[in-house]
Amino acid sequence: MAGLRVNKGNNNNKKKKKKKHGDESITTIKSLPNELLVEILAKVASRSIFDLCKVKLCCKDFLYAAEDDYVYHHASMEKFALVPLPWFTGQGEFSFLKRCRESGNSKISYREGMVQYFRSSSLISGFENLKKAAMEGHNDAKYVYCMLLMCCEDEQERKRGFDLFCSLKASTCVARCRKRVRCYIRKMWLSNNPVVRNHNLSFCTTCQSGRMKKISTGWIGDGDGDDDANIGISCEYCRVDYELVLFCNMFQV
């Protein structure tokens, strides 16, 4: 009997220790400034919406912090359909996307810009959404935006596109952006190929290593490798012409 009483006492001590440990965790969370909690949850949201939902269930502090506009501004769109269909979009999903849009989420601006420009033929709205996302640092939007600028007839717009492409190229992410954009376009029902208008305009008019030579020899491909690896183009204008061909090839033009 004595032994049983001792065991019971040990169990009570374990429960007390667990309770004490839980209280310490709660106290630690409550000691964190709300700005830090919001920053942490924004990082979580930018990687996984599912993980954000799990974190929100932990405690009220996380739940309240997760409702900050900053969290919605950085939320990932990865698990949502590229082209959401109204009849397949639940109320919860609709409300979430609406809140992301109102919070200035660049990812949703990019997605809506792509649909508007290449599928719905809403060129002005689509172009502005792509520009907005690009200026906010969305690399895929920056890639599409600078390609469209370089397909314009206006020389100033083409120069803006060229400068933007050079900044993207300096970040060594052109190939990754191109691959993601191609994947996106293949999942869309295209109804507008505005790049056709001026896709034959060349930036380089002097040297012989430009894109027309690459096309004539059948050398040009998908270009999914590392940026500039094995391309063998030293002229920066020829490099842009090469990229324009890869972009236009996405639309089979």
Side-chain angles (χ1 to χ4, degrees), residues 25-26 28-146 148 164 168 171 173 176-177 180-181 183-192:
S25 298
I26 294 173
T28 301
I29 293 173
K30 289 185 176 297
S31 67
L32 296 174
N34 185 66
E35 293 79 5
L36 181 56
L37 286 179
V38 170
E39 186 69 41
I40 292 171
L41 293 180
K43 292 288 186 183
V44 174
S46 68
R47 289 167 172 77
S48 172
I49 295 301
F50 291 152
D51 288 345
L52 177 66
C53 293
K54 292 177 182 178
V55 170
K56 289 170 66 175
L57 298 175
C58 293
C59 65
K60 290 183 179 179
D61 296 271
F62 283 164
L63 178 62
Y64 295 149
E67 289 304 306
D68 193 280
D69 285 343
Y70 186 76
V71 177
Y72 285 89
H73 179 80
H74 289 83
S76 170
M77 297 287 112
E78 184 178 351
K79 297 301 181 182
F80 294 96
L82 295 177
V83 185
L85 300 175
W87 50 90
F88 288 136
T89 304
Q91 184 59 40
E93 181 177 342
F94 176 81
S95 299
F96 180 83
L97 294 174
K98 181 174 181 291
R99 183 72 184 277
C100 288
R101 187 181 300 107
E102 293 171 347
S103 300
N105 190 309
S106 63
K107 301 177 188 70
I108 199 168
S109 296
Y110 165 67
R111 292 157 69 93
E112 291 186 345
M114 291 290 285
V115 172
Q116 291 167 337
Y117 198 92
F118 295 108
R119 186 171 183 268
S120 303
S121 297
S122 301
L123 300 185
I124 297 177
S125 298
F127 190 78
E128 287 303 313
N129 267 323
L130 288 169
K131 178 182 178 180
K132 178 182 177 182
M135 295 301 100
E136 290 179 356
H138 193 290
N139 283 335
D140 292 359
K142 188 181 295 185
Y143 176 82
V144 176
Y145 179 58
C146 73
L148 294 178
L164 191 60
L168 192 65
S171 302
C173 61
R176 292 191 297 273
C177 292
R180 289 191 295 263
V181 170
C183 180
Y184 196 123
I185 288 174
R186 285 175 177 173
K187 294 180 180 180
M188 293 174 59
W189 187 354
L190 300 178
S191 60
N192 181 36

In short, F96 meets A75 closest at the heavy-atom pair CZ-CB, 3.8 Å

How many angstroms lie between CG in L130 and OG in S106, if you round to the nearest 0.5 Å? 11.5 Å

Check L52 against L41 and note the closest heavy-atom contact, atom names and distance. CD1-O, 4.0 Å

Quick one: side-chain hydrogen bond (donor to acceptor under 3.5 Å, both in side chains) pairs with a partner in residues 132-146, sequence neighbours left out? D140-R180, Y143-E243, Y145-R160

Would you compute the distance between atom CD of E39 and atom CG of L37 and round it to the nearest 0.5 angstrom? 11.0 Å

Side chains of D68 and H73: closer than 4.5 Å at any heavy-atom pair? no

Correct closest heavy-atom pair for A134 and A141 would be N-CB, 3.7 Å

Measure from the side-chain N and O atoms of S48 to the backbone N and O of D51, and report whether any donor-acceptor pair falls under 3.5 Å. yes

Quick one: does any side-chain atom of Y184 pair with a main-chain N or O of R111 as donor and acceptor, under 3.5 Å? yes

Over 12 non-hydrogen atoms of neighbours within 6.0 angstrom of NZ in K131: no

Write down the atom of M77, the atom of L97, and the distance for their closest heavy-atom approach. SD-CD2, 3.8 Å

For L168 and C173, work out which heavy atoms get closest and say how close. CD1-SG, 3.6 Å

Taking all atoms of both residues into account, what is the closest heavy-atom pair of N129 and Q116, and its distance? ND2-OE1, 2.8 Å

Aromatic ring pairing H74/Y70, orientation class (parallel under 30°, perpendicular over 60°, tilted between): tilted

Measuring from E102:CD to I108:CD1, what's the distance to the nearest 0.5 Å? 10.0 Å

Would you say V144 and Y117 make side-chain contact, with heavy atoms under 4.5 Å? no

Are more than 12 heavy atoms from other residues, nucleotides or ligands located less than 6.0 Å from atom CD1 of I124? no

Y72 side chain near R101 side chain, heavy-atom distance below 4.5 Å: no

Measuring from K98:NZ to C100:SG, what's the distance to the nearest 0.5 Å? 11.5 Å

State the CG-CG distance between L148 and L164, to the nearest 0.5 angstrom. 11.0 Å

